[in-house]
Novice: 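I have a structure I would like to understand better, so I am pasting it below and will then ask my questions one at a time.
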Amino acid sequence: MRDFKQSVLAVVAKIPKGHVLSYKEIAKRAGNSGAARAVGNIMKQNRNPKVPCHRVIHSDGRIGGFNRGKEFKAVLLREEGVKLSHRLKVLRS
DNA sequence: TAGCTGACGCAAA
DNA sequence: ATTTGCGCCAGCT
């Protein structure tokens with residue numbers, strides 16, 4: 001539970017700039033490969049600046065959602081080097 | 001304590 | 001290629 005959340009936060013915090021991880025990948029790293037949904041929930045709840053939740057996207061490479069508005073997230077990613085050409089599958093490692 | 005929600009993912013139509 | 005439906009898990013109320 002909380003441990004999982006902690007792991008997720010840690011993993012997300014470890015995401016290097018210019019990289020994006022899918023919720024599923026994060027869940028996998030956190031210890032629960034099938035908790036992608038839960039991860040999303042956690043992110044939504046998360047408010048920690050240390051956790052670049054904007055680097056978390058769908059496994060499809062699309063942007064998921066964001067507390068602050070997906071637009072902001074998209075811009076952020078673009079600024080970091082992740083080119084979201086509208087519907088581009090970036091998903092890097 | 002139990003139930004609802006959801007920033008997901010994948011399969012099928 | 002898209003759209004629709006179902007499944008799954010943890011967190012929150």
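Numbered from 1 within each chain, the chains take letters A, B, ... in sequence-line order. No hydrogens, no waters, no symmetry mates; every other heavy atom, side chains included, goes into these values.
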Novice: Taking a hydrophobic cluster as the set of Ile, Leu, Val, Met, Phe, Trp and Tyr residues connected by side-chain heavy atoms closer than 4.5 Å, whether directly or through intermediates, do A/I15 and A/L9 fall within one such cluster?
Specialist: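 Yes, one cluster joins them.
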Novice: Of the nucleotides C/dA10, B/dG9, B/dG6, which has the atom closest to the A/K44 side chain?
Specialist: B/dG6
Novice: Counting only side-chain nitrogens and oxygens, does A/S22 get under 4.0 Å of the OP1 or OP2 atom of B/dC8?
Specialist: no
Novice: Return the value, rounded to whole Å, for the distance between atom NZ of A/K24 and atom C1' of C/dC9.
Specialist: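 To the nearest whole Å, that distance equals 13 Å.
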Novice: Side-chain N or O of A/S59 versus OP1/OP2 of B/dC8: is the shortest distance under 4.0 Å?
Specialist: no
Novice: From CZ of A/R68 over to C1' of B/dA7, roughly how many Å is that when rounded to an integer?
Specialist: 15 Å
Novice: Using atom CD1 of A/I63 as one end and atom C1' of B/dG9 as the other, report the distance to the nearest whole Å.
Specialist: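 The distance from CD1 of A/I63 to C1' of B/dG9 comes to 18 Å, rounded to the nearest Å.
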Novice: Could you tell me whether A/N32 contacts a base, only the sugar-phosphate backbone, or nothing, with contacts defined as non-hydrogen atoms closer than 4.0 Å?
Specialist: sugar-phosphate
Novice: Between atom SG of A/C53 and atom CG of A/N48, what is the distance when rounded to the nearest 0.5 Å?
Specialist: 8.5 Å
Novice: Just call it for A/A38: base, sugar-phosphate, or nothing, with non-hydrogen atoms closer than 4.0 Å on any strand.
Specialist: base
Novice: Just by distance, with hydrogens left out, do A/E80 and A/H19 show a side-chain donor and acceptor under 3.5 Å apart?
Specialist: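 There is no such pair (donor and acceptor under 3.5 Å, judged by atom type) between the side chains of A/E80 and A/H19.
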Novice: Please state whether the base of C/dC9 and the side chain of A/R37 form at least one donor-acceptor pair under 3.5 Å?
Specialist: no
Novice: Among the nucleotides B/dG9, C/dC9, B/dA7, which one has an atom lying closest to any side-chain atom of A/A36?
Specialist: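 So the side chain of A/A36 is nearest to B/dG9.
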Novice: I want to check one thing: is the phosphate of B/dG9, taken as OP1 and OP2, less than 4.0 Å away from some side-chain N or O of A/H58?
Specialist: yes
Novice: Nearest-Å distance, NZ (A/K73) to P (B/dA7)?
Specialist: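 It is 11 Å, rounded to the nearest whole Å.
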Novice: Which heavy atom of A/K5 sits nearest to which heavy atom of A/Q45, and what is that distance?
Specialist: NZ-OE1, 2.9 Å
